[in-house]
Amino acid sequence: MLFDVQRKKLQDVYETPIIQQTAFWSEVKRNLGVETMAFDYRVRPTDLFSSKGMNASVVSDLLVVNQEVDKNHSIAYVPYGPELEPDFSSQGPFLEELAESLRGFLPETTMMIRFDLFWKSYWSDEDDFFDKNGFWKGPPERRIQELRFNYNTENWRFRKTASNILPSNTIFLDLRKSEEDLLRSMKPKTRYNIRLAYRKGVEVQETGVEELDVWYDLYKQTALRNGLFLHDLSYFRAVLKARANDSRSPADVRLLVARIDDRPLAAMFLVMTGRRATYLYGASAGEGRQFMGSYALQWAAIITARRNQCLEYDMFGVAPRPDPEHPMHGLYRFKTGFGGKIHHSLGSWDYPFDEDVYHHFSVWEMTRPGYHV
């Protein structure tokens, strides 16, 4: 199924719309003092796909982040990777073989590989997992998920994580539409708020590292207001300054700030790579919401993405359904207003190399604060 696995230079990571699988993301991690590795691998399409007439072999790659837990243990973390997505029935065996093939390249301290999969959830195609209003109810319990994912594998070793690391639900806007069609696809209230923001005099400016303090002030307000984990300023500086322009998978990073009368209302990181634009991070002020700065900001980002030949816009993270009890319910209401299609992914899966060590780690991890604290 899988052969010719070999380590490669980070700058040779292939172009992809998945930010976290680019040389750009590797540079972000390097700037933060985190080691990354890249690997090429080759597969036979007939082993992964039911489609006929495909090439004799397919070459793909993946970026692995080495996350240290302590001096004796680490995790090989694959953010939103691998990008190559086999048919449902082949996913477990493919990922198992990939994990075992990578094992010899990883540090001796590696206790597991964590695949944070962007692959489409099996259950997002099944009618039984939608309610009477057409909203997705989410995947089944972890035991059922593991039974299905491990089917056809040799070791039955994959474990569903208690929570996902990166968002497992997002919304994509089709930027091949005209600006008029994009506006028509929005909910009336969203369309009204965009126009209201501009009528009130909101302006959106592209800026850079010189306004990082403005961003961070808005971000701290947002994190405290919503009970979110607070990154250091250095984290965002690393994202904003990274480019990887000498690589095969660079990124174009823009910091956008919405203001009225020179007062910051909202800000966001727009990242463009592989013909996809991603709303990677966003923040807003607690006051001045009547000016609808966040709506003007999103529309400006969409226009910027279209002008830079992006084909899709990733809203990056929503609740899976309109559930008022979900911590991302507010984001669901805001982002679904812009139209688009929701994507439900499989989320994070662990492949432990040592079951005993993994058990102790899982218990410890359950006590750690997550994205919402």
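The residues of the chain are indexed from 1 along the displayed sequence. Source: prediction; values computed, not measured.
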*Take F39 and F105 through the test ring pair (Phe, Tyr, Trp, His ring centres under 6.0 Å) and record every step on the way to the result.*
CA-CA 9 Å; F39 299 92; F105 294 96; 5.4 Å; yes

_Applying ring pair (Phe, Tyr, Trp, His ring centres under 6.0 Å) to F88 and Y122, what does each step give before you reach the verdict?_
CA-CA 7 Å; F88 286 166; Y122 310 140; 4.9 Å; yes

_Stepwise salt bridge (Lys or Arg N to Asp or Glu O under 4.0 Å) check, D47 with R44_ = CA-CA 6 Å; D47 291 336; R44 289 182 289 267; 3.0 Å; yes

*List the steps and the verdict of salt bridge (Lys or Arg N to Asp or Glu O under 4.0 Å) for R259 and E203.*
CA-CA 5 Å; R259 287 183 167 89; E203 296 182 348; over 6 Å; no

*What do the steps show when you test R195 against L183 for side chain to side chain contact (heavy atoms under 4.5 Å, CB included), and what is the final call?*
CA-CA 10 Å; R195 290 167 175 160; L183 286 166; 4.1 Å; yes

*Please walk me through it: do Q20 and L166 pass side chain to side chain contact (heavy atoms under 4.5 Å, CB included)?*
CA-CA 10 Å; Q20 295 81 4; L166 292 169; 4.1 Å; yes

*Take N31 and K29 through the test side chain to side chain contact (heavy atoms under 4.5 Å, CB included) and record every step on the way to the result.*
CA-CA 5 Å; N31 290 343; K29 292 300 180 181; over 6 Å; no

*Test log, rule side chain to side chain contact (heavy atoms under 4.5 Å, CB included), inputs F353 and L106*: CA-CA 11 Å; F353 295 138; L106 302 174; 4.1 Å; yes

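For the atom pair L98 CG and L62 CG, the distance stands at 5.5 Å (nearest 0.5 Å). We find the OG1-CD distance between T304 and E206 to be 5.0 Å, quoted to the nearest 0.5 Å.
Applying the side chain to side chain donor-acceptor pair (under 3.5 Å) test to residues at least two apart or on different chains, the pairs with a partner in residues 164-173 are K160-N164, N164-S168, N169-H344, T170-D314. Within the structure, side chain to side chain donor-acceptor pair (under 3.5 Å) contacts touching residues 316-343 (residues at least two apart or in different chains) do not occur.
Under the 3.5 Å distance criterion, the side-chain polar atoms of E180 are left unmatched by any main-chain donor or acceptor of S178. At distances below 3.5 Å, not a single donor-acceptor pair connects side-chain atoms of N308 with backbone N or O atoms of C310. Between the E27 side chain and the A242 main chain, no donor and acceptor come within less than 3.5 Å of each other. Checking side-chain atoms of D174 against main-chain N and O of R176 turns up a donor-acceptor pair under 3.5 Å. In this structure a side-chain-to-backbone donor-acceptor pair under 3.5 Å is present from S185 to D181. The backbone N or O of S284 sits less than 3.5 Å from a side-chain atom of T222, completing a donor-acceptor pair. In this structure a side-chain-to-backbone donor-acceptor pair under 3.5 Å is missing from Q11 to D246. Using modelled atom types, no side-chain atom of R114 and backbone atom of D350 make a donor-acceptor pair closer than 3.5 Å. Distance alone, capped at 3.5 Å, places no donor-acceptor pair between the K241 side chain and the V28 backbone. A donor-acceptor pair under 3.5 Å links the side-chain atoms of W136 to the main chain of W123, judged by distance alone.
Ring geometry for H231 versus Y235: interplanar angle under 30°, hence parallel rather than tilted (30 to 60°).
Cluster annotation: F118 is connected to V271 through the hydrophobic network of ILVMFWY side chains, with a link wherever side-chain heavy atoms come within less than 4.5 Å. Linking Ile, Leu, Val, Met, Phe, Trp and Tyr whenever their side-chain heavy atoms come within less than 4.5 Å leaves Y41 and F3 in two separate clusters. Linking Ile, Leu, Val, Met, Phe, Trp and Tyr whenever their side-chain heavy atoms come within less than 4.5 Å puts V239 and L233 in one cluster.
Counted within 6.0 Å of CD on E179, heavy atoms from surrounding residues, nucleotides or ligands total more than 12; the atom is thus considered enclosed. Around the CD atom of E68, the shell of radius 6.0 Å holds no more than 12 heavy atoms that belong to other residues, nucleotides or ligands. The number of heavy atoms from other shown groups lying within 6.0 Å of CG (N72) is above 12. For CD of E210, the number of neighbouring non-hydrogen atoms (other residues, nucleotides, ligands) closer than 6.0 Å is greater than 12. Residue R307 qualifies as open at atom CZ: its count of foreign heavy atoms under 6.0 Å is 12 or below.
A search for salt bridge (charged side-chain N to carboxylate O under 4.0 Å, His left out) contacts involving E126 returns R148, not counting sequence neighbours. Listed by chain and number, the residues in a salt bridge (charged side-chain N to carboxylate O under 4.0 Å, His left out) with E355 are R159 (sequence neighbours excluded). The side chain to side chain donor-acceptor pair (under 3.5 Å) check on Y313 picks up Q298, with sequence neighbours excluded. Take Y192 and apply the ring-ring contact (aromatic ring centres under 6.0 Å, His included) test, not counting sequence neighbours, and it matches no residue. In this view, R30 satisfies the salt bridge (charged side-chain N to carboxylate O under 4.0 Å, His left out) rule with no residue, not counting sequence neighbours. In terms of the ring-ring contact (aromatic ring centres under 6.0 Å, His included) criterion, residue partners of F149 (sequence neighbours excluded) are, by chain and number, F158, W349. Contacts of R306 classified as side chain to side chain donor-acceptor pair (under 3.5 Å), with partners at least two apart in sequence or in another chain: none. Remark: R237 pairs with no residue by the salt bridge (charged side-chain N to carboxylate O under 4.0 Å, His left out) rule, at least two apart or across chains. Checked against ring-ring contact (aromatic ring centres under 6.0 Å, His included), F269 has the following partners two or more places apart in sequence or in another chain: W215, F236, Y281.
Exactly one residue among D252, N245, V253, V13 makes a side chain to side chain contact (heavy atoms under 4.5 Å, CB included) with F24. That residue is V253. Shown are R42, K8, R7; of these, the salt bridge (Lys or Arg N to Asp or Glu O under 4.0 Å) with D61 is made only by K8. Tested against R157 for a side chain to side chain contact (heavy atoms under 4.5 Å, CB included), the candidates M112, E146, E100 yield a single pass: E100.
For T207 against E211, the heavy-atom pair with the smallest separation is OG1-CG, 2.9 Å. Across all their heavy atoms, S234 and L32 have their closest contact at O-CD2, 3.9 Å. Pairing each heavy atom of M37 with each of P107, the nearest pair is CE-CD, 4.1 Å. Looking at every heavy atom in both residues, F115 comes nearest to G81 through CD2-O, 3.8 Å. In this structure, P250 and T273 approach most closely via the heavy-atom pair O-OG1, 3.2 Å.
The six-membered or imidazole ring of F334 lies near that of Y295, with a centre-to-centre distance under 6.0 Å.
Here I260 is tied into one hydrophobic group with V202, L265, F291, each link being a pair of ILVMFWY side chains closer than 4.5 Å.
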